[in-house]
Protein chains: 2
Amino acid sequence: MGIEIKIALNEGLYLKDPQDSVLGRNIIKHSIILLSDLGFEAFNFKKLAQEMNSTEASIYRYFENKHLLLLYLVSWYWEWVAYLIRINTTNIDDPKRKLEIIINSFVSASVDNPTTDYVDESKLHSVIIAEGIKAYHTKEVDNENGKGFFKNYKQLINNVAGVIMEINPTFEYPYALASNLFEMSNNHIYFAKHLPRLTDIQVSENKYSEVEKMLNYFASKLLDYEI
Amino acid sequence: MGIEIKIALNEGLYLKDPQDSVLGRNIIKHSIILLSDLGFEAFNFKKLAQEMNSTEASIYRYFENKHLLLLYLVSWYWEWVAYLIRINTTNIDDPKRKLEIIINSFVSASVDNPTTDYVDESKLHSVIIAEGIKAYHTKEVDNENGKGFFKNYKQLINNVAGVIMEINPTFEYPYALASNLFEMSNNHIYFAKHLPRLTDIQVSENKYSEVEKMLNYFASKLLDYEI
DNA sequence: TTATTTATAATAGTTTTACTATCATTTTAA
DNA sequence: TTAAAATGATAGTAAAACTATTATAAATAA
């Protein structure tokens, strides 16, 4: 039935690939909903099992713990943003235009992807904004980095840095700017919603055009070009 | 014995002011050490009690839970950076020079403060870099913001934004730039240490001069001035 | 100084979280 | 149609996150 996308994620993230079974896809689907409702701290496998009419033990057969489930979702998100960028920059030559599309993909990664019905990308984006950073701010980061768990993120940033270097080959901080644009996007959406005095932009009902405008302004100023 | 600084923090953060007793100051001191060693997830009041030869129940008389203890430390840090900025920008008129000092305070907030012997500022800075963001990325953020728990952060950013507006009154994003400089400082030190492919700078042994250089470059580019 | 309050320690207990183990049942694949 | 694999149902353990109680020590006020 239609095109089925399978997102390639590091095998160490899960015990059994959730994309391969109904139960697995259900875990993904409902974990996004529940994380969005409860936040990472109050979220647990017992509540998830209740929510989806399954059992705790069944979920533990897919994921070792909730941290790895979050990292799985975050990796999915990184991979999906990379995919969005890839399809939307095909046949675009101007790197400035490419960066504009990249920024648009960062902020509007909430547009639903018709090819995966078990992932509500809009809700996943909300989860990433609120909880994403917790996936890579842990004492396990070095160990997990060694296992390749952050490859998707690094690859994404690497691609963006490539475009930045195309625009301005003398710019000294292409990787830092790339990761900062991504982090800033999520951060300032969060600030606008919860701590508005830490930002200048406003957001309403998943309309993030002001964030987009700000990131484009920052990028153009730093890389010396007119928007 | 010497000058004693008492940092004014929101009273809702604690049940009993830890600055007012030996035990309280011990809780602060050892929680910084233990958070730095274990990370927020593995840290708990039982281990803290063991570490400092006290009891779980005694710690619970000072802090409701470990989240609020973290928020207390983070608020302390914000207040301390604001203090650093205040004393180091006294009698400085040039706002560009002021911003330079602000950036230096963000990255080198690890220099020890001789006035509080129970807070190892260098270690506290490490804790902030690794765990700080968890203090304001929770489902309680709106509720806690309503109680004024983030006032120190907002005040700090407000002051920095003021300097930014002095430098360039037409700049559209003074608050966003201010908070971004702060977040970026912590973030890229973290990246340099743990996920170096997400940044361009390097750090070694608490020497953060490259971060400082980068932030100054970003600021000057965005605000249109020469360093 | 003693009496009184207050702070801390020692101990024990409850509830929730984060798992692990076992076995029965259902689904799938050969 | 039969074996193998996946899931469900149930139970249990260990640690985390607290709360409660009583004893003791320290500070302070009369």
Side-chain angles (χ1 to χ4, degrees), chain A residues 1 4 11-31 34-35 37-73 118 131 134-135 138-140 144, chain B residues 1 4 11-31 34-35 37-73 118 131 134-135 138-140 144:
Chain A
M1 230 120 66
E4 223 186 78
E11 293 185 6
L13 293 171
Y14 48 80
L15 299 168
K16 185 195 285 204
D17 193 336
Q19 290 179 87
D20 285 348
S21 71
V22 177
L23 180 62
R25 290 187 290 266
N26 248 293
I27 291 171
I28 301 307
K29 181 181 176 177
H30 286 96
S31 65
L34 215 57
L35 276 167
D37 287 351
L38 303 178
F40 184 67
E41 284 73 28
F43 169 90
N44 64 41
F45 282 2
K46 192 174 188 180
K47 290 174 187 167
L48 178 57
Q50 266 156 9
E51 165 89 11
M52 54 189 278
N53 287 313
S54 179
T55 63
E56 230 180 321
S58 297
I59 296 165
Y60 274 106
R61 282 187 202 105
Y62 284 83
F63 292 100
E64 258 179 82
N65 51 52
K66 71 175 182 174
H67 161 66
L68 286 168
L69 171 51
L70 177 66
L71 191 48
Y72 181 94
L73 294 177
Y118 58 100
E131 320 290 346
K134 294 171 194 169
T138 74
K139 276 283 157 184
E140 289 303 302
E144 291 180 349
Chain B
M1 233 116 65
E4 224 186 78
E11 292 185 8
L13 293 171
Y14 48 80
L15 299 169
K16 184 193 285 204
D17 193 337
Q19 289 180 89
D20 286 348
S21 71
V22 176
L23 180 63
R25 290 187 291 266
N26 249 294
I27 291 172
I28 301 308
K29 180 178 176 180
H30 287 95
S31 64
L34 215 57
L35 276 166
D37 287 350
L38 304 178
F40 185 67
E41 284 73 28
F43 169 90
N44 64 43
F45 283 2
K46 193 174 188 179
K47 289 174 187 167
L48 177 57
Q50 267 155 9
E51 165 90 12
M52 53 188 279
N53 287 313
S54 180
T55 64
E56 230 181 323
S58 297
I59 296 165
Y60 273 107
R61 278 187 212 104
Y62 283 84
F63 291 101
E64 256 179 84
N65 51 52
K66 70 174 182 174
H67 161 67
L68 285 169
L69 172 51
L70 178 65
L71 191 47
Y72 181 94
L73 295 177
Y118 57 100
E131 321 290 345
K134 294 171 194 169
T138 74
K139 275 284 157 184
E140 290 303 303
E144 291 180 347

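Chain naming here is simple, since letters A, B, ... match the order of the sequence lines and numbering starts at 1 in each.
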- prompt: Nearest to the side chain of Tyr60(A), which nucleotide is it out of dA17(D), dA9(C), dA18(C)?
  reply: dA18(C)

field: Pairwise 5' ranking along DNA chain C for Leu23(B) and Asn65(A), keeping only the more 5' one
entry: Leu23(B)

- line: Assert: residue with more 5' nearest nucleotide on DNA chain D, out of Glu56(A) and Arg61(A), is Arg61(A)

message: How many whole angstroms separate atom CZ of Phe63(A) from atom P of dA18(C)?
response: 16 Å

message: For dA7(C) and Ser58(B) - does any side-chain N or O of the residue sit under 4.0 Å from the phosphate oxygens OP1/OP2?
response: no

- request: Respond yes when some side-chain nitrogen or oxygen of Ser21(B) is under 4.0 Å from OP1 or OP2 of dA7(C), and no when none is.
  value: no

- prompt: Which of these nucleotides, dA9(D), dG8(D), dA16(D), is closest to any side-chain atom of Lys47(B)?
  reply: dA16(D)

message: If you only use heavy atoms from C-beta on, which nucleotide in dA20(D), dG8(D), dA18(C) is closest to the side chain of Asn44(A)?
response: dA18(C)

- request: Provide, to the nearest angstrom, the distance between the CG atom belonging to Leu48(B) and the P atom belonging to dC18(D).
  value: 14 Å

query: Given atom CG of Leu68(B) and atom P of dA17(D), what is their separation to the nearest angstrom?
result: 13 Å

message: If I take atom NZ in residue Lys16(A) and atom C1' in nucleotide dA4(D), what distance separates them, rounded to the nearest angstrom?
response: 12 Å

Integer-rounded Å distance: dA16(D) P and Ile59(B) CD1: 14 Å

- prompt: Can you tell me how far CE of Met52(B) sits from CZ of Arg25(B), rounded to the nearest 0.5 angstrom?
  reply: 11.5 Å

- line: Residues Leu15(A) and Tyr60(A): closest non-hydrogen pair is CD1-O, 3.2 Å

message: What's the closest nucleotide to the side chain of Tyr62(B) if the choices are dT8(C), dA17(D), dG8(D)?
response: dT8(C)

- request: Would you kindly give the CG-to-C1' distance between Leu70(B) and dA17(D), to the nearest whole Å?
  value: 16 Å

message: Checking contacts here: which listed nucleotide (dT8(C), dA10(C), dA18(C)) is nearest the side-chain heavy atoms of Thr55(B)?
response: dA10(C)

- prompt: Quick one: does NZ or CZ of Lys66(A) land under 6.0 Å from the six-membered ring centre of Phe40(A), within 45 degrees of the ring axis?
  reply: yes

For atom NZ of Lys46(B) and atom P of dC18(D), their distance in whole Å: 14 Å

message: I'd like to know if Glu41(A) and Lys134(B) make a salt bridge, using a cut-off of under 4.0 Å between side-chain N and carboxylate O.
response: no

Check: Tyr62(B) and Ser21(B) side chains under 4.5 Å, non-hydrogen atoms: yes

field: Atom-pair distance (CG on Leu38(A); C1' on dT16(C)), nearest Å
entry: 15 Å

